[in-house]
Student: 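Dumping the structure here so I can ask a few things about it.
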Number of protein chains: 2
Amino acid sequence: MISNDLLKGTLRTIVLKLLADNGRMYGYEITKKVEELSTGKIRLTFGALYPVLHKLEADGHITTETEYIGRRVRKYYSLTEVGRSGAQQKLDEFFDFVNTLTYVLKPSPA
Amino acid sequence: MISNDLLKGTLRTIVLKLLADNGRMYGYEITKKVEELSTGKIRLTFGALYPVLHKLEADGHITTETEYIGRRVRKYYSLTEVGRSGAQQKLDEFFDFVNTLTYVLKPSPA
DNA sequence: ACAAATATATAACATTGTTATATATATGCA
DNA sequence: TGCATATATATAACAATGTTATATATTTGT
C-alpha cells in the first residue's frame, strides 16, 4: 500500500486523468479502476472521493448524468472542456513535481 | 513553483534525506538547500519546517545541538540511528509511490 | 543609519484526507 | 429462502499537515 500522506494532493489528478481516458465513469467504478491500475496499492476511500467529485462539479470541471440501473441510481461523471485542460495541467504539474523531487532526493554523491 | 498540495507528505522525507547527506544542518540552512537543489521550485516555509523538526526530534529521529554564532543561537539537527533507517524507508516509499502513480497516470493508449 | 539577510518559533486558519455511519439494491451460494 | 458479499452514493466527526501572519533578535552590506 502507498502511504496515504503521499497520495494527498494527487486525488484530483487521478480522477481527472481517469475521466479523460475513459469518458464517463461513476464513483464506484473509479475506485475499482484505481485499485486495478495500481495493482491494489492505491485504494481510494469514498469519504475522499465523493467530496472531490462534488467539488470538481461545483468548479465546472465535470458534469453528471444520473441513470437507473434496475432500481439503483448510478451517477456518471464526465469532463467538461475546462476539466479536460485542467486534467492536462494537473498531469504536467505532477510530472514536474516528480522530476524536481527526484532530483532533490537523488542518491547522494559521497 | 511546485504545487504545495503535492509537496504535502514529502516534507519529512526531504528533511531526513538532507540530513542523511549533509550530516548536521540547521533550519535556515535546510530551506536554502532545498531551494538550491530544486532551482527555486520548492520553498519550505518555516511554519511547516519547524513543527516537523520538533516532531522528528520528539520521535527520536533527530537530535539537536545548540551553538552560538556570535551572539546568535543556532540549532543543529542530526540523524539518530532510527532517523537514518527512517530516511531510507521514506525514500523507498517515495520512489514506490512515484512508480505506482506514474503507471496510473501514464499516457492513455487509445 | 537603514535595509536586507540571517535565524528560530508559535498561533490562527485552511485544506484535504480517514474513519465511522447511514441507506439501499443486486448477486451468489448453501 | 436466507444470508453474506458486492454494488452504489453520501455525509459527519475527526486528524494531519501545511500556509499565512506574527513575534523577536542579530548580522551584514551600503
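Only a predicted model underlies this, so the values are computations on that prediction, with no experimental measurement involved. In what follows, every chain begins at residue 1, and chains take the letters A, B, ... in the order their sequences are listed.
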Student: Go through the steps for A:Leu37 and B:Leu105 under the test side chain to side chain contact (heavy atoms under 4.5 Å, CB included), then give the verdict.
Tutor: CA-CA 9 Å; A:Leu37 286 173; B:Leu105 300 177; over 6 Å; no

Student: Taking 4.0 Å as the cut-off, does a side-chain nitrogen or oxygen of A:His54 come that near to OP1 or OP2 on D:dT9?
Tutor: no

Student: Provide, to the nearest angstrom, the distance between the OH atom belonging to B:Tyr77 and the C1' atom belonging to C:dA7.
Tutor: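 For the pair B:Tyr77 OH and C:dA7 C1', the rounded distance is 11 Å.
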
Student: Go nucleotide by nucleotide along DNA chain C from the 5' end; which of A:Arg43 and A:Arg71 gets its closest nucleotide reached first?
Tutor: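 Result of the comparison: A:Arg43.
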
Student: Within the structure shown, what part of the strands sits under 4.0 Å from A:Gly47 by heavy-atom distance: base, sugar-phosphate, or nothing?
Tutor: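 Base, at least one base atom sits under 4.0 Å.
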
Student: In whole Å, I'd like the distance from the CG atom of B:Leu53 to the C1' atom of D:dG18.
Tutor: 14 Å

Student: Angle between ring planes, A:Tyr50 versus A:Phe46, binned at 30° and 60°: parallel, tilted or perpendicular?
Tutor: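 A:Tyr50 and A:Phe46: parallel rings.
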
Student: Please determine, for the side chain of B:Lys75, which listed nucleotide (C:dG17, C:dT8, D:dG18) has the closest atom?
Tutor: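 The closest nucleotide is C:dT8.
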
Student: Applying a 4.0 Å non-hydrogen cut-off, can you work out what A:Tyr68 is touching in the nucleic acid: base, sugar-phosphate, or nothing?
Tutor: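 Touches nothing.
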
Student: Check the distance between D:dA10's P and A:Leu44's CG and give it to me in whole angstrom.
Tutor: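 From A:Leu44 CG to D:dA10 P: 15 Å.
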
Student: With heavy atoms under 4.0 Å as the rule, sort A:Lys8 into base, sugar-phosphate or nothing.
Tutor: base

Student: Rounded to whole Å, how long is the line connecting atom CG of A:Leu11 with atom P of D:dA16?
Tutor: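 Answer to the nearest Å: 20 Å.
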
Student: Nearest whole angstrom, please: distance from the P of C:dA7 to the CD1 of B:Ile69.
Tutor: 8 Å

Student: So do B:His54 and B:Tyr77 actually touch side chain to side chain, heavy atoms under 4.5 Å?
Tutor: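 A side-chain contact under 4.5 Å exists here.
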
Student: Return the 5'-most residue of the pair A:Asp5, A:Phe46 with respect to DNA chain D, ranking by each residue's nearest nucleotide.
Tutor: A:Phe46

Student: Could you state the CZ-P distance from B:Arg74 to C:dT8, rounded to the nearest angstrom?
Tutor: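 From B:Arg74 CZ to C:dT8 P: 7 Å.
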
Student: Assess the residue pair B:Glu67 and B:Arg24 against the criterion (side chain to side chain contact (heavy atoms under 4.5 Å, CB included)); give the C-alpha distance rounded to whole Å, side-chain angles, the decisive distance to 0.1 Å, and a yes or no.
Tutor: CA-CA 12 Å; B:Glu67 287 188 16; B:Arg24 63 179 205 171; 2.8 Å; yes

Student: Please report the distance, rounded to the nearest Å, between NZ in A:Lys32 and C1' in D:dT7.
Tutor: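 It works out to 9 Å between those atoms.
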
Student: Should A:Lys41 and B:Asp96 count as an ion pair when the cut-off is N to O under 4.0 Å?
Tutor: yes

Student: Could you state the atom-to-atom distance from NZ of B:Lys55 to P of C:dT10 in whole Å?
Tutor: 15 Å

Student: Within the 4.0 Å heavy-atom criterion, would you say A:Tyr26 contacts the bases, only the backbone, or no part of the nucleic acid?
Tutor: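 Sugar-phosphate, backbone atoms only, no base.
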
Student: Looking only at side-chain atoms of B:Tyr50, point me to the closest of D:dT7, C:dA7, D:dA10.
Tutor: C:dA7

Student: When you measure from the side chain of B:Thr45, which nucleotide among C:dG17, D:dT20, C:dA9 comes out closest?
Tutor: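 Selected nucleotide: D:dT20.
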
